[in-house]
Every structure is written in structure tokens, then in C-alpha cells.
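Naming convention: chains lettered A, B, ... in sequence-line order (proteins, then strands); numbering from 1 in each chain.
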Number of protein chains: 2
Amino acid sequence: LIQFRQVSKFYGRGEATIRALDHVDLSISRGEFVSVMGPSGSGKSTCMNIIGGLDVPSTGEYLFQGIPTRGFSRTQLTLLRRHMLGFVFQGFNLLARTSAVENVELPLTYRGMDARERRRLAMAALEQVGLKGREDHTTQELSGGQQQRVAIARAIVTDPAVLLADEPTGNLDTRTSTEIMQLITRLNNERGITVIMVTHEEDIAAYGQRLLRFVDGRLTSDEVRQKE
Amino acid sequence: LIQFRQVSKFYGRGEATIRALDHVDLSISRGEFVSVMGPSGSGKSTCMNIIGGLDVPSTGEYLFQGIPTRGFSRTQLTLLRRHMLGFVFQGFNLLARTSAVENVELPLTYRGMDARERRRLAMAALEQVGLKGREDHTTQELSGGQQQRVAIARAIVTDPAVLLADEPTGNLDTRTSTEIMQLITRLNNERGITVIMVTHEEDIAAYGQRLLRFVDGRLTSDEVRQKE
Ligand SMILES: Nc1ncnc2c1ncn2[C@@H]1O[C@H](COP(=O)(O)OP(=O)(O)OP(=O)(O)O)[C@@H](O)[C@H]1O
Ligand SMILES: Nc1ncnc2c1ncn2[C@@H]1O[C@H](COP(=O)(O)OP(=O)(O)OP(=O)(O)O)[C@@H](O)[C@H]1O
Ligand SMILES: [Mg+2]
Ligand SMILES: [Mg+2]
């Protein structure tokens, strides 16, 4: 489903070149649950942004379902993002002064769905993340952890083929984190959604079947977890 | 130094009233290192915002150095924030398209310090958080964890009397988290800075001498840790 062939990403020039990614080879199949770990600044978010079509490699090839994305038009990349992928960004990226339910409906507005159906799906997604009763509160009226859960609801409301989650439990307490991870595991097991999740917490990474580790832009290990 | 007497914070009216804080009594002395934990939405950030003069109680009294803040003028609250307090916000609040060093210099510009001295202090604070060499990169050019470290540098550059840190290691890997916590502990031990820190990770909370726990806006426990 997802393949990197010697993908690198460079910023700056000459002396001050920063290698965010450095000749990364990677292959992820449909239905897998892959965790990604590594020190701060090691290239995890850069890798997720390229997989999600939000950034392009400097060198190397990214293939989605066997097709090189380098040749994709802007429209093809946009369709890939809207129909195949769900994002939970590291910084939430919610619209301010906009209610939780409107934030969650946003990705559905591109699909020409009628307003009543959109509202129904958005309300259901917010209930799945434990925010029933807070649908009409705006971003400023929600706590850090509640905003993170709105971001997760927005990522799953489109029933994507691939869920890209960058530190989905970074702001959540242990109990809420467990609830969210059980939801993501259910989506992976029951709907076959492919999950790629960045985390810095070992107990959260343990929910995945594989663990990729980045150091200074290089993929240093790729372990398959023995399922208990 | 800091006292709450039956402080409550309500949002909304009647039926849909949300009790962010519910009759909280609290007392923190100069030089203490206090950790704050609790589930998502339990009132931790609301408590920090009131202590920091960014929000006011609905009922009850907040006293800073024995003086009720209810009577403070806007100017007095601003002086309190600028000279006594350093903030690490849960969502960073860095200026976009602005370099790391300019973000860190910002709280110093209010002090009428000359530009060369400001720059020297800001560069030193960035080095303390492990970002030497990245001073001129903007917020967009830094990873999530690196932005969090810029926010910490900005909070400590003014050498505040009280450091309010809301999830300071939320986006950081274990190694970087340990480095940041050693820095905060040094500031507490060597400069006598009072630290109030929200975290959802038990091993991070263990750096503090006291542990406050919130549930549904109420302070449910206040334990003093036996220092090993
Ligand atoms: N302006 C507002 N209007 C309505 N409710 C609010 C407002 N601001 C905060 N709240 C609510 O007050 C409660 C406490 O919020 P607070 O941000 O203090 O939680 P927290 O303990 O910091 O949570 P987290 O761990 O998720 O950051 C939450 O339920 C939140 O939704
Ligand atoms: N536009 C840019 N210009 C320069 N450097 C950049 C840019 N974007 C990212 N970088 C650098 O690339 C490296 C990798 O960044 P990335 O965001 O992928 O890290 P990360 O592994 O997600 O870290 P964290 O755990 O802190 O979120 C970092 O050193 C970062 O500063
Ligand atoms: Mg990142
Ligand atoms: Mg909070």
C-alpha cells in the first residue's frame, strides 16, 4: 500500500543542510498497525507528512498502491488526502471560534454529502471519543485533551483507508489515552483501517504490530511485535 | 506566595453550567516544586491560568504574596505576569513565521533592555534547552518537540520567580524530557524558582516535592513526596 524507496528530505543548502529524512526504505501493507518512535527532531513528522501527501521527498520515490506519487497532479494528491487518508496532526490544527461538531464535519463537506447526514456522522464520531454533550463548544472552550479528541474524531469521521496519527495521546491522561487506543485498535481490527502512529510513549507504541525507529532521519530498526 | 480560598470557575448558565474549578483551597510557598495531575478536562489548565493572572475566579479569592488579586488593576496584573511569572502553555503559543530567538526575546522586550543584552540572554536560554544552531529557524521549520523547547526557553529567559509549566514534556521523547526536567529541577534548586507543573505522566510528576490531583474541578489529594 505504502512504499518509500530511498526517500530523503533536505532543508537549507550547503553548510547548513538539515537532513530531516536520509535515504529511507519502507513498506507498509493494507491493514497493518505500525508505530513510529524516535527522538525529537528525528524525522517522524516529516515522514508522516510525505505519506499523507502534505510534503514531497527531495530525492527518492514514494509509491501509493504501487503508483509513484511524484507524477500525481495536485488534484490527484488532494483526492488521495480527502478519500483515503485521515490525519491527526501533532498540533491539532482545529479551526478557532468554530464548534467541535463543525470542525469534525469539515472533511465531509468536500464529499457533497447533505447537511443532515454530515451532522449525524460528526455527532457519532464525537460520541466515540467521549465528547457527547460538548459538540457545540468552540476550540477555546475545550481543554487541551478535549481538543485532541476533536482532532481524532475529525480524522475518523470520513472512514479513511489509512489513519495517520502524530502523537494522538500526547495531551491525554492514562485513562483517556487507553480509551482512544482501544478505539483506534477497533478501527484497525474491525474496519481494516491501516494505522501509522507516531508516539514517544512505549506503552502506547505497544498497541501496534510493528515498531519503526528513527534516529537523525534514518530508519534504524523495524521490529515485528509478537502478539500475546 | 500563592493561595486559593474556595476558588471556583464556572462556564455557561443554568442547566449547562460547567464547573471547571469547584471550591478549591490551595497554598504554595516560595521555592516549592509542585506537580499537578488529573484526567482530561478536570481543571488543571484553568487553575494554571488563574494563578498566572490570565483568567479570574468566578467566586472565591486568589491571593499572591498575601494580596487579594481581585483588587488588582489591569496594569498590576500585567506587571505580575511580566516580572514574576514564566509560562509554558499547553499549546506553545509561539509566533509563526518568527525565528526561535525572536520568540524567546519577546518577554524581554517589555523590560526596556538593550537589543544586544536581549539577544545574549535569548541565545543562552536556547542553548540550555538543546537548540544551539537552530536560533534562526522559524516555528514552521522546527519539529513539535523543538517548538516545545523554544516555549520553555521563552518561559525561563526572564528569570521569573514562578514557573508555570502546562505539560512541558508532552511532545518530547524520554531522553529530551529528562534533559528538560533536569533543567527545571536545577532552576528550582539553584535559583529558588517556584515551579508549578501540570503533567499526565507519573514519572515526570515524580520530579516535584508535592503532588496535587484534580478530578472534575475539585482538588482530591495533596501529597508530599518523601525525597529519596
Ligand atoms: N470557555 C469555556 N467555556 C466552557 N467550558 C470551558 C471553557 N474553558 C474550559 N472549559 C471546560 O472546563 C473544564 C476544565 O478545563 P481545563 O482546560 O482546565 O482542563 P485540563 O484539566 O487542563 O484538561 P487537559 O488535560 O485535557 O488539558 C473542561 O471541561 C473544559 O471543557
Ligand atoms: N521547513 C524546515 N526547515 C528546516 N528544518 C526543518 C523544516 N521542517 C523540519 N525541519 C527539521 O527536520 C528535522 C525533522 O523534523 P520532524 O518534524 O520530522 O521531527 P520529529 O521526529 O517529528 O520531532 P518531534 O518528536 O519533536 O515532533 C528537525 O530537525 C526539524 O527541525
Ligand atoms: Mg513531530
Ligand atoms: Mg489542560
Side-chain angles (χ1 to χ4, degrees), chain A residues 11-12 15-16 18 20 37-49 89-94 96 129-131 133-134 136-149 166-167 169-177 179-180 198-205 213-215 217, chain B residues 11-12 15-16 18 20 37-46 48-49 89-94 96 129-131 133-134 136-149 166-167 169-180 198-205 213-215 217:
Chain A
Y11 293 105
E15 215 29 65
I18 289 175
M37 296 188 82
S40 172
S42 59
K44 304 182 298 294
S45 292
T46 304
C47 176
M48 298 283 273
N49 290 340
F89 295 99
Q90 194 169 0
F92 309 162
N93 294 0
L94 297 176
V129 298
L131 286 177
R134 302 301 303 266
D136 296 325
H137 283 94
T138 63
T139 313
Q140 284 89 322
E141 297 177 341
L142 296 169
S143 77
Q146 290 164 342
Q147 290 178 41
Q148 183 143 38
R149 284 183 277 161
D166 198 340
E167 311 262 11
T169 61
N171 277 295
L172 300 178
D173 57 282
T174 315
R175 211 195 57 224
T176 315
S177 293
E179 284 165 23
I180 293 295
V198 171
T199 179
H200 62 270
E201 297 179 61
E202 297 280 357
D203 53 351
I204 297 291
R213 285 190 193 273
F214 280 91
V215 176
Chain B
Y11 294 104
E15 213 31 66
I18 290 171
M37 294 187 83
S40 172
S42 59
K44 304 183 297 296
S45 293
T46 304
M48 298 284 272
N49 289 341
F89 295 99
Q90 194 169 1
F92 309 161
N93 295 359
L94 297 176
V129 297
L131 286 177
R134 302 304 301 269
D136 295 326
H137 283 95
T138 63
T139 313
Q140 284 88 328
E141 296 176 349
L142 297 170
S143 77
Q146 289 165 341
Q147 291 179 42
Q148 184 144 41
R149 285 185 277 160
D166 199 340
E167 311 262 12
T169 62
N171 279 298
L172 300 178
D173 56 282
T174 316
R175 214 197 55 225
T176 314
S177 292
T178 306
E179 285 167 21
I180 292 295
V198 171
T199 179
H200 61 270
E201 298 177 57
E202 297 279 357
D203 53 349
I204 297 291
R213 285 189 193 273
F214 280 89
V215 176

Undergrad: Just checking, is any N or O donor in the side chain of A:Gln90 or B:Asn171 under 3.5 Å from an acceptor N or O on the other one?
TA: yes
Undergrad: Counting only heavy atoms closer than 4.5 Å, note whether A:Ile18 contacts chain B via side chain, backbone, both or neither.
TA: side chain
Undergrad: Which region of B:Ser40, side chain (C-beta onward) or backbone (N, CA, C, O), has a non-hydrogen atom less than 4.5 Å from a non-hydrogen atom of chain A, or is it both or neither?
TA: both
Undergrad: Between atom CD of A:Glu167 and atom CG of B:Asp173, what is the distance when rounded to the nearest 0.5 Å?
TA: 9.0 Å
Undergrad: Taking A:Gly12, A:Gly41, A:Ser42 one by one, which has the highest count of heavy-atom pairs under 4.5 Å against chain B?
TA: A:Gly41
Undergrad: Do you know which of B:Arg149, B:Glu141, B:Arg175 has the most heavy-atom pairs with chain A at a distance under 4.5 angstrom?
TA: B:Arg149
Undergrad: For A:Thr46, is it the side chain, the backbone, both or neither that has a heavy atom under 4.5 Å from a heavy atom of chain B?
TA: neither
Undergrad: What part of A:Glu201 gets within 4.5 angstrom of chain B, counting heavy atoms only: side chain, backbone, both, or neither?
TA: side chain
Undergrad: Less than 4.5 Å to any heavy atom of chain B: does that hold for the side chain of A:Ser45, its backbone, both, or neither?
TA: neither
